[in-house]
Every structure is written in C-alpha cells, then in structure tokens.
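Every number for a ligand or one of its atoms is a count from 1 in the order of the listing.
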Amino acid sequence: MEKQFEGSDAADRASVAGRLTPGAIVRFLDQYVVGQDEAKKILAVAMYSHLRRPASDASVEIAKSNVLIVGPTGTGKTLLCETLARAVEVPFATADATSLAQSRYVNEEIEAVLLRLLERAGGDLARAQRGVVFIDEVDKLKARDGEPRAVSGESVQHALLKIMEGAPVKLPDGRYLDTAGILFICGGAFVGLEKITATTHTFGFISTAQGDNQQILDRLNARIKPTDLFAFGLIPEFTGRLPVIARFSPLGRDLLVRIMIEPRNSIYRQFRARLLQEGVELRIEHRVFEQIAELAIEYGVGARSLRGIFEEMIAPVLYAVPERPEVRRVVIGSLFEEPRLLPAG
Ligand SMILES: Nc1ncnc2c1ncn2[C@@H]1O[C@H](COP(=O)(O)OP(=O)(O)O)[C@@H](O)[C@H]1O
Ligand SMILES: [Mg+2]
C-alpha cells in the first residue's frame with residue numbers, strides 16, 4: 001500500500017488518549033477522513049466500547065459489538081478503519097475476504113491474519129487479544145449455487161465465524177490466541193443491497209405519531225435489516241455476529257474536492273510540500289479541484305481515481321521545474337490548460 005501517513009500524529013493521539021471519548025475519536029478521524037459523519041460516530045462508539053470492555057470476570061458480561069461497514073468502493077471504508085486503529089493505538093490487522101475465498105487453505109490464511117495482529121502487538125499476546133481485525137470485501141463471500149472454486153464463499157464465512165465467535169486459535173509456537181476480545185470490523189460494497197432493502201421496506205411497521213422525529217423515522221426505515229443481508233447471501237450466523245452496521249455514502253463533488261484539499265496528508269498538501277523542496281510555490285485554483293472531482297465521478301470509483309488524475313496533471317510540472325531554476329511559482333488555473341511556470345514576484 002502506498003505510504004499515505006506522512007508526518008507524525010503522535011501528539012494528537014496523545015490528546016485523544018488523554019480523555020478518550022467517542023467525540024475525541026471522531027475529532028481525530030476528522031483530520032484524515034472527509035464526510036461519513038454517521039459512520040464515524042458509529043465506529044467511534046464501537047471502538048470506545050471495545051476499549052472499555054471489562055475483563056471477563058465482571059458481573060455483567062458485555063457482548064462484543066462487531067461492526068459491518070457497507071458502502072460503495074472508494075468512499076473511505078478502509079481509510080477510516082486504519083485511521084481508527086491509529087487513533088487509539090490498538091494493534092490492527094487487515095484481511096481480504098476475496099483472497100481468503102481463493103485460497104485452498106482458508107484456516108491457515110486466517111491464522112496468518114491473527115499472526116499479523118500479534119506481530120503488530122509487538123509479540124504481546126494480551127495486547128493482540130484486544131486488537132482489531134478488519135476483513136474487507138466480505139460481500140464477495142456471498143453464497144452462490146454451483147461454486148466452481150476450491151472454497152466457496154459460504155465456507156469462508158463459516159471459517160471466519162469460528163474466530164468471530166471467540167475460539168482460541170493455536171499458534172505455531174504452541175501458545176493459544178483467544179479471539180474472544182478481538183473487535184472484528186467487516187466491510188464491503190454490497191452492490192445490489194440497496195435494491196433488496198428498498199423492496200423490503202416496511203413502512204407500516206413503525207407507527208408514526210405526531211411529534212415523531214421524521215429524520216429518525218427515515219433512518220429506521222432505511223436500515224439494512226439482517227434479512228436483507230440473508231437475501232444478499234450472507235449466512236444468518238455470520239450476520240448475527242455483526243450487530244452494528246455503519247453505512248458509507250457515495251461521495252459527491254464537494255466532498256471529493258474537500259478530500260483533495262483538507263486532510264492533513266491531502267494530495268494538495270503533499271504536492272505543495274513536494275514543490276516547496278524545490279523552492280517553488282504551487283497554487284491550484286479551486287475550479288481545478290472541481291474539474292478533477294467531476295472526472296472522478298464519471299470513473300465511478302469514489303475518491304480512488306483522484307490521485308491518478310492529479311498526478312497526471314502535475315507530472316509535466318515535476319518534470320519541468322528542476323530544469324528551470326528561475327521558476328519560483330506554479331499556477332494551475334484549469335485542468336484543461338497548461339500550468340503556468342512563473343519567476344518570482
Ligand atoms: N472520505 C474520505 N476522506 C478522505 N479520503 C478518502 C475518503 N474516501 C476515500 N478517500 C481516498 O481514497 C482512497 C481509497 O479509499 P478507501 O478507504 O480504500 O476506499 P474503500 O471504501 O473502497 O475502502 C483512500 O486512500 C483515500 O486517499
Ligand atoms: Mg477498502
């Protein structure tokens with residue numbers, strides 16, 4: 001993966017740790033992830049609860065609330081999970097459900113994920129057992145008839161269930177890693193789920209009385225129900241282990257523009273810093289970001305295509321500047337015009 005977290009956020013993290021609240025986690029996330037406010041809150045609460053879970057000898061056993069993230073590609077699902085793990089400094093490992101489904105040795109692959117978690121915990125078993133595992137693309141595990149592959153998605157769901165239910169897993173060194181305290185976050189685009197949810201709306205179910213908050217009613221009616229996930233192809237036991245659902249929205253033009261500009265490590269900031277190394281000031285007009293965002297929307301992969309379009313635009317500048325010591329400023333006024341290379345003043 002590309003390195004995208006330049007600089008240190010240790011100071012901010014410390015302040016989060018100073019008084020860790022869901023709000024503090026969200027404020028940390030806000031520095032890197034644009035929009036998705038509802039999902040941020042849901043995940044911050046899940047993480048907060050995860051960290052506050054009492055040891056198992058407590059009088060009330062608090063069940064774990066694993067999270068299912070649903071949203072289109074390139075809307076920040078993976079980014080948000082990675083940022084979440086950094087915000088609270090828990091060991092974090094990711095797995096890709098698609099590659100699990102393509103492997104002949106699913107259990108070994110899953111074990112490898114837990115070993116990565118242990119590695120991230122610096123070998124500390126106790127820390128690893130309170131870590132977070134993010135399993136991406138679980139929508140690709142949907143049950144299908146006549147599965148031609150070695151392992152069907154459904155059997156991967158069963159294999160994952162075991163660790164999500166809290167089974168101890170034997171490690172190569174003979175120790176056991178107890179998965180009961182690990183927070184699992186599963187993500188996927190779930191293309192087609194919207195249609196299922198739309199056809200299963202039960203507006204009569206929620207009685208409306210005057211004074212009911214319409215926004216809350218709308219939210220309840222738009223909920224993804226477990227039955228929708230069964231219809232999509234997840235097995236009931238698997239969805240049963242993912243009681244919390246966070247939805248990510250498609251990114252519109254304005255959010256895409258903000259993504260290029262606002263995050264602490266935004267593309268714009270990165271390239272401004274890059275050119276500053278050459279003693280050159282980079283200025284890009286707002287309209288250029290809107291043009292890039294509009295192109296990105298056409299490509300239909302969320303924020304994923306922003307960087308490529310941006311890099312293509314900036315490449316000639318990065319080529320020319322080192323050849324031309326007199327250039328002190330670069331101004332880009334439109335995606336469809338040559339960048340202007342200017343001397344000082
Ligand atoms: N909401 C967002 N805020 C900031 N950057 C984003 C956002 N969504 C996507 N990106 C950018 O797009 C890239 C791909 O996003 P990612 O989180 O991998 O998408 P997915 O939802 O498919 O997991 C990220 O690395 C980031 O640069
Ligand atoms: Mg992803």
Side-chain angles (χ1 to χ4, degrees), residues 1-7 9 12 25-44 47 67-87 92-101 113 132-141 184-194 224 242 245-274 289-290 292-314:
M1 222 190 96
E2 71 188 286
K3 187 174 184 316
Q4 43 182 338
F5 301 119
E6 265 99 7
D9 46 35
D12 311 86
I25 296 174
V26 167
R27 285 190 290 279
F28 183 87
L29 295 174
D30 281 341
Q31 298 176 61
Y32 299 92
V33 185
V34 172
Q36 313 299 11
D37 297 336
E38 280 296 311
K40 276 176 186 158
K41 284 185 200 160
I42 289 171
L43 280 154
M47 181 56 94
V67 185
L68 177 66
I69 296 180
V70 175
T73 187
T75 53
K77 301 186 293 297
T78 304
L79 176 68
L80 198 143
C81 290
E82 286 172 353
T83 312
L84 188 64
R86 283 187 306 130
F92 176 77
T94 58
D96 187 84
T98 317
S99 63
L100 289 180
V113 177
V132 176
V133 170
F134 177 51
I135 306 164
D136 216 347
E137 304 204 58
V138 289
D139 52 335
K140 305 287 159 35
L141 298 179
F184 288 90
I185 303 176
C186 294
F190 289 85
V191 175
L193 187 66
E194 292 285 309
I224 296 169
L242 297 163
I245 298 180
R247 294 175 83 169
F248 277 56
S249 319
L251 299 167
R253 190 185 77 166
D254 292 348
L255 285 176
L256 290 171
V257 167
R258 285 177 53 200
I259 285 172
M260 285 181 276
I261 299 170
E262 287 178 14
R264 288 180 60 153
N265 54 339
S266 73
I267 305 178
Y268 191 24
R269 282 179 208 251
Q270 287 180 32
F271 281 92
R272 278 176 66 93
R274 175 74 192 73
F289 293 109
E290 292 171 356
I292 295 174
E294 271 155 24
L295 262 186
I297 287 170
E298 276 181 42
Y299 295 163
V301 288
R304 266 173 215 274
S305 48
L306 295 175
R307 193 173 182 103
I309 303 168
F310 192 97
E311 294 232 17
E312 214 169 286
M313 170 182 81
I314 207 87

Quick check on Gly302 - does any of its heavy atoms sit under 4.0 Å from an atom of ligand 1? no

Is the closest N or O pair between Leu80 and ligand 1 shorter than 3.5 Å? no

The one among Glu137, Lys40, Lys77 that brings a heavy atom closest to atom 21 (O) of ligand 1: Lys77

Check whether any side-chain heavy atom of Met313 sits under 4.5 Å from a side-chain heavy atom of Ile292, and report yes or no. yes

Does ligand 1 come near enough to Arg304 that some N or O of the ligand is less than 3.5 Å from an N or O of the residue? yes

Hey, is ligand 1 close enough to Pro263 that some N/O pair sits below 3.5 Å? no

Close-contact set for ligand 1 against Thr73 heavy atoms, below 4.0 Å: 22 (O)

With a 4.5 Å limit on heavy-atom distance, are the side chains of Asp139 and Glu137 in contact? yes

Is the closest heavy-atom distance from Phe248 to ligand 1 below 4.0 Å? no

Does a side-chain heavy-atom distance below 4.5 Å link Val138 with Phe184? no

Between Ile259 and ligand 1, find which residue part has any heavy-atom pair under 4.0 Å and reply side chain, backbone, both or neither. side chain

Note, Asp136 side chain near Thr94 side chain (heavy atom, < 4.5 Å): no

Closest non-hydrogen contact found for Ser266 with Ile259 is CB-O, 3.8 Å

Any nitrogen or oxygen of Gly76, main chain or side chain, under 3.5 Å from a nitrogen or oxygen of ligand 1? yes

Any side-chain heavy-atom pair of Thr83 and Gln31 under 4.5 Å: no

What pair of heavy atoms forms the shortest contact from Gln36 to Thr75, and how long is it? NE2-O, 3.0 Å

Which of the atoms of ligand 1 are close to Tyr32, meaning less than 4.0 Å from one of its heavy atoms? 4 (C)

Need one value: angle at the Mg ion (ligand 2), Asp136 atom OD2 versus Thr78 atom OG1, rounded to 10 degrees. 80°

Shortest non-hydrogen contact from Val26 toward Lys40: CG2-O, 3.8 Å

